[in-house]
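Working notes, structure below.
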Protein chains: 2
Amino acid sequence: MIRILIAEDQRLLRGALASLLDMEEDMEVVGQAGDGQEALDQILSLQPDVCLLDIEMPVITGLEVAERLKAQMAACKIIILTTFARPGYFERAVKAGACGYLLKDEPSEKLAEAIRRVMAGHREVSPELVFGSFRQENPLTARERDILRLIAEGRTANEIAATLHLSHGTVRNYISETLNKLSAKNRIEAIGIAEQKGWL
Amino acid sequence: MIRILIAEDQRLLRGALASLLDMEEDMEVVGQAGDGQEALDQILSLQPDVCLLDIEMPVITGLEVAERLKAQMAACKIIILTTFARPGYFERAVKAGACGYLLKDEPSEKLAEAIRRVMAGHREVSPELVFGSFRQENPLTARERDILRLIAEGRTANEIAATLHLSHGTVRNYISETLNKLSAKNRIEAIGIAEQKGWL
DNA sequence: CAAAAAACATGACACTTGTCACCTTCATTC
DNA sequence: GAATGAAGGTGACAAGTGTCATGTTTTTTG
């Protein structure tokens, strides 16, 4: 019997997947979580064989859950289940030791089979990721990312300088460098590009 | 037997919902669509009793599908099924004659029951929408919306003036008025606010 | 250890943005 | 028919943005 935990913030999808997987004779959904923290707690206490992790969840993301599980050397196999085929996400998932990276665009019939294959020791990755230019790694430094995130919230260079205890000019230098790296002509375009690539 | 069509672009959720609803003795999923155009075509040819429409789909949105069905006086009952409790979306859905507006955050068990209640002539709306300040209607004019959409793509005032055949100053006047209406301090904040409210 | 990369800074320049006052035209509405 | 509001416009000003050259100081890494 494969013991499964599902972490997904949309209750409708979570419930539907749980019903679907519970119908398989060799599977049992032992827990469900609606945010990352809940997922982490339940995985550590229930010790499922495998967990399905959505990435964009409240409190902590699925990628962070995976990274923390790896740090604690948890035995639970990890399958990331997400809408986004973003290079940055995929790279982080691989580094965090995920055994699978499936897109929510996959047909539902394939899910159970993918779980069985992962339990058999294989790696399962949606075809869109296998080809595709997933070898683009994040060109932004930590500081540049911090600043771009604040820009995305609508903060101005002056405000960012104040909150980060930097000079006005330094902030603008970082932004200029970021625009250059992303080939964006202004902040707004840069935000779009970074979000789309999963670099934020 | 209630004949159902599901329009949802995420194959995983679409498939899972179809399996779930097909298990109910009084329901039958007669069609599935992955984008708005497909949904519209299938509803007109298959004549289901009720359709579940996601809003953010490729080609045309679920709201547009609803509006076109209303214009053609189609008999099919409409249930909007979306992630977003945005006031602007809800208002458009009601105007398009939708019988239900459910959030994907609803527990999956409630879905079948909601469909039955809609078929019995009731209106089904997720509780978050019933209360909540959904009575905020879009303060932006058509022109202001057009321009804000272009801003969100990263276009500058000059570029927008060129594509819309307006003067540079006029574009900036519209933007200024938009910022004022949304109480935003700059374009980026304005985009965030408008998106969050469903006014874009 | 030396080189490279990251972090932080200054000053200057041109361009873009946001604001404001004020003006016209046209369609809708009371 | 006067009032309102949407659409379009001008010009001017202050503030914000993006670029560049150039510099110092740590931290990382081959």
Side-chain angles (χ1 to χ4, degrees), chain A residues 67 87-88 91-92 95 135-197 199-200, chain B residues 88 91-92 95 135-197 199-200:
Chain A
E67 282 157 4
E91 213 190 325
R92 269 184 79 186
K95 282 191 185 147
R135 242 325 18 155
Q136 308 164 42
E137 57 183 302
N138 196 334
L140 304 178
T141 68
R143 223 23 171 175
E144 287 164 352
R145 258 193 326 272
D146 290 344
I147 291 175
L148 191 53
R149 257 182 244 121
L150 291 170
I151 296 270
E153 286 173 22
R155 308 287 138 241
T156 69
N158 274 315
E159 291 171 343
I160 295 173
T163 49
L164 256 44
H165 308 293
L166 294 175
S167 95
H168 177 213
T170 304
V171 173
R172 282 163 57 212
N173 283 341
Y174 282 133
I175 297 171
S176 187
E177 182 57 19
T178 299
L179 298 188
N180 187 32
K181 284 181 179 175
L182 302 182
S183 319
K185 87 170 151 300
N186 58 43
R187 299 137 112 86
I188 300 181
E189 223 178 54
I191 295 165
I193 294 169
E195 279 180 346
Q196 181 227 315
K197 299 267 192 182
W199 289 340
L200 249 170
Chain B
E91 213 190 325
R92 268 183 79 186
K95 282 191 185 147
R135 248 307 38 141
Q136 307 163 41
E137 56 183 302
N138 196 334
L140 304 178
T141 68
R143 224 18 170 181
E144 286 163 354
R145 258 195 325 272
D146 291 344
I147 291 174
L148 190 55
R149 255 181 247 122
L150 291 170
I151 295 270
E153 287 172 22
R155 308 288 137 242
T156 70
N158 275 315
E159 291 171 343
I160 295 174
T163 49
L164 257 42
H165 308 294
L166 294 176
S167 96
H168 177 212
T170 302
V171 172
R172 280 161 60 210
N173 282 342
Y174 282 133
I175 297 171
S176 186
E177 181 59 20
T178 299
L179 297 189
N180 188 32
K181 284 182 178 174
L182 302 182
S183 318
K185 86 170 152 300
N186 58 44
R187 299 137 112 87
I188 299 181
E189 223 177 55
I191 294 166
I193 294 170
E195 278 179 347
Q196 181 226 316
K197 299 268 191 181
W199 288 340
L200 249 170

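Here is how names work: the chains are called A, B, and so on, in the same order as the sequence lines, proteins then strands, and each is numbered from 1.
The side-chain contact (heavy atoms from CB on, under 4.5 Å) check on Arg145(B) picks up Asn138(B), Leu140(B), Ala142(B), Arg149(B), with sequence neighbours excluded. By the side chain to side chain donor-acceptor pair (under 3.5 Å) test, Ser167(A) is found to be paired with Thr170(A), residues two or more places apart in sequence or in another chain being considered. Under the rule for a side chain to side chain donor-acceptor pair (under 3.5 Å), the partners of Arg92(B) that lie at least two apart in sequence or sit in another chain are Glu67(B).
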Considering only distance and modelled atom types, tabulate donor-acceptor pairs under 3.5 Å from the side chains of residues 151-159 of chain A, sequence neighbours left out.
unit_1: Thr156(A); atom_1: OG1; unit_2: Glu159(A); atom_2: N; d: 3.3
unit_1: Glu159(A); atom_1: OE1; unit_2: Thr156(A); atom_2: N; d: 3.0

Nucleotides 7-22 of chain D: protein proximity per nucleotide (B base, S sugar-phosphate only, - neither; heavy atom, under 4.0 Å)
BBBB-B---SBBBB--
What string of B, S and - do you get for nucleotides 23-30 of chain C, 5' to 3', if B is base contact, S is sugar-phosphate-only contact and - is no contact with any protein heavy atom under 4.0 Å?
--------
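Legend: side chain to side chain donor-acceptor pair (under 3.5 Å) pairs involving residues 171-184 of chain A, not counting sequence neighbours, sorted by first then second residue: Glu144(A)-Lys181(A).
Distance CD (Glu159(B)) to P (dC15(C)): 15 Å, rounded to an integer number of Å.
Using a 4.5 Å heavy-atom threshold, the side chains of Ile191(B) and Ile191(A) count as separate. Looking at Leu148(A) and Trp199(A), their side chains never come closer than 4.5 Å, going by heavy atoms from C-beta outward. Here the side chains of Leu166(B) and Arg143(B) are in contact, with some heavy-atom distance below 4.5 Å.
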